[in-house]
Amino acid sequence: MDTLLTLDASPDSVAMPLGRVLGAYLAEARSECLRYLRAPGFMLPITLFPGMFYLVFGVLMAKGEGADASRYLLASYATFGVMSPGLFGFGVSLAMERDGGLLTLKRALPMPPGAYLFGKMLMAMAAAGFVVLLLLALSQLARVALSPGQACALFAIGVLGVLPFCALGMFVGTLIKGQGAPGMLNLIYLPMSFLSGLWFPLPMLPKVLQQVAPLWPSFHLDRLALAAVGMRQDALLPHVLVLLGFTVGFLLLAARRLRRFG
Amino acid sequence: MDMSAMPVAQLRGAVKRYGALTALDGLDLLLRRGELLALLGPNGAGKTTAIGLLLGLHRADAGQVELCGRDPQQLAARRHIGVMLQNATLPPTLRVRELLRLTASYYPYPRVLQESAELAGVGDLLDRPCGKLSGGQQRRVQFALALCGRPRLLFLDEPTVGMDIEARQSLWAAIRRLVGEGCSVLLTTHYLEEAEALADRVCVMARGRTIHEGTVDELRARVAMKRIRCLSTLAPQVVGGWPEVAEARSENGRLHLTTAEAEVVVLRLLQTDAYLRELEVQRAGLAEAFTELTRDAAEASAVQREAA
């Protein structure tokens, strides 16, 4: 009986060729990207707001203050722009898919669990990269002189810097189901941007707020972005470590909640 | 060896509680290779929870859960199954073709896209975004997603809700075809005619337990009883003593009998009671049987509670 069982199981048993497993990851990433590129409700706000703010405050209004103001604000608005694909791309879609039953279906299907997160992550990174490129293009209107190295560094920081916000968005997405998520995320996104000095430079904020600024991940990302465009020379490693810790922490919290409550 | 006797999925004494609510109370369920088992029961009977355990969506609090001989939470176990859940909002901006291709990518040996589409009758919908489909079309697309991985075992949770008669018939035909190819199916449904049309075996659930399990014919046999009603001078105690009469009672002055052999009983009634009037004979349907079964279970548990 045992031999018969194995014989019977062999043609379509467990083994999934590695190529097909990779294929599943790619297919998931591809369809996540397609979904969101086709959803104007997602792409418009995440590109319009940072683009418009930078155009108004960083390009048009900063004319009198010279290229340095434009340069400073390029880093800040890039940080601001990078946060939203992470928070909203991850958080809102997770909350919606938990609510609509799509996540349940996907969990019942043999989807590699990593593929779901990988797909969303790649989508958020692509969107973040797009926002940074848009801001870099706008910065040329204000004649911000950037070396190719600086531009690449800012781009890389944008693409990787979206990850802590993916983790935070994912955690919020596991807390809230459905339509409540965008509101909740805005309550995190906007105050955090303000408190990290993304709208007004930190020295213009009250002392207390300046002191608590290092609590926010966006503060650390902004420091890295400022360094990338040549506005700061402080040590980068602490900021990288804080962001890394933040990412891992929220990822674990979110994964735990997903496993427990689905 | 009889391959058809091998279980592809089973629950043994499965218990699942949600807080104070016991959704499954020691449920046993066995699905054999190549058979279609219909899971019936009123809302809240635990059908969806049972399926959730078999799909690895939840963990049982007690008892055993096996899918293709493995823990359903293992990916390898689920590579043999296809799933159609009651409510899953498909991603609105993805086209049907893209969603089918994505779902097929999860499986080692999926069907080619065209074949899945034709089996489920969605060949003409492939380039439509999912958000623009009608309810019935969405169900058909979900069916296509369920079968695209060439599954050995299909879970169909209320598959024909929201479908018109024609779509339902063609879905039934597709299900029969898959079963013919050796696929096992676990079907939950509210439509008894659906179970009647498709199922090899039927399992009726109430309050997290199985209250009846058997072939469709056995379930029908349980209800092959006929009902006789008449105005008679005979006392129910007397008629109840006749060997062919399963049950006799008097209601509003009318005699109500339940019997498997209506002809014999009617003949005897007419012979014994010259004043018999308003004779009616009715066949009990599957639906009636089902209601009766679940009501019996409810009464039994009420009696148990009183006794306790």
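Protein chains get the first letters and strands the later ones, always in sequence-line order, with residue 1 at the start of each. Not measured: the values here are computed from a predicted model.
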Report the distance from atom CE of A/M16 to atom CG of B/L75, rounding to the nearest 0.5 Å.
8.0 Å

Quick one: pull up CD in B/Q86 and OG1 in A/T104 and give me the separation to the nearest 0.5 Å.
11.5 Å

The single option from B/L57, B/L55, B/V83 passing side-chain contact (heavy atoms from CB on, under 4.5 Å) against A/L105:
B/V83

Which residues in residues 26-36 of chain A have any heavy atom closer than 4.5 Å to a heavy atom of chain B?
A/A27, A/E28, A/S31, A/L34, A/R35

When you measure from the side chain of A/R107 to the backbone N and O of B/G56, does any donor-acceptor pair fall under 3.5 Å?
no

Looking at A/S93, A/P110, A/P17, A/G23, which has the largest count of heavy-atom pairs under 4.5 Å with chain B?
A/P110

Identify which part of B/Y107 has an atom lying under 4.5 Å from any heavy atom of chain A, answering side chain, backbone, both or neither.
both

Take atom CD of A/Q179 as the centre, draw a 6.0 Å sphere, and report whether it contains more than 12 heavy atoms from other residues, nucleotides or ligands.
no

Given a strict heavy-atom distance threshold of 4.5 Å, which part of B/A146 is in contact with chain A: side chain, backbone, both, or neither?
neither

Where B/I81 and A/A108 come nearest, the two heavy atoms and their spacing
CD1-O, 3.8 Å

Does some side-chain heavy atom of A/R38 sit less than 4.5 Å from a side-chain heavy atom of B/R95?
yes

Working to the nearest 0.5 angstrom, can you tell me the gap between A/L102 CG and B/N87 CG?
11.5 Å

Report, as yes or no, whether the 6.0 Å neighbourhood of atom CZ on B/R176 holds more than 12 heavy atoms from other residues, nucleotides or ligands.
yes

Give me each pair satisfying side chain to side chain donor-acceptor pair (under 3.5 Å) with a member in residues 16-25 of chain A, each pair once, sequence neighbours excluded.
none

So, taking the atom named OG1 in B/T89 and the one named CG in A/D99, what distance separates them when rounded to the nearest 0.5 Å?
7.5 Å

Distance from A/L109 atom CG to B/L145 atom CG, nearest 0.5 Å?
7.5 Å

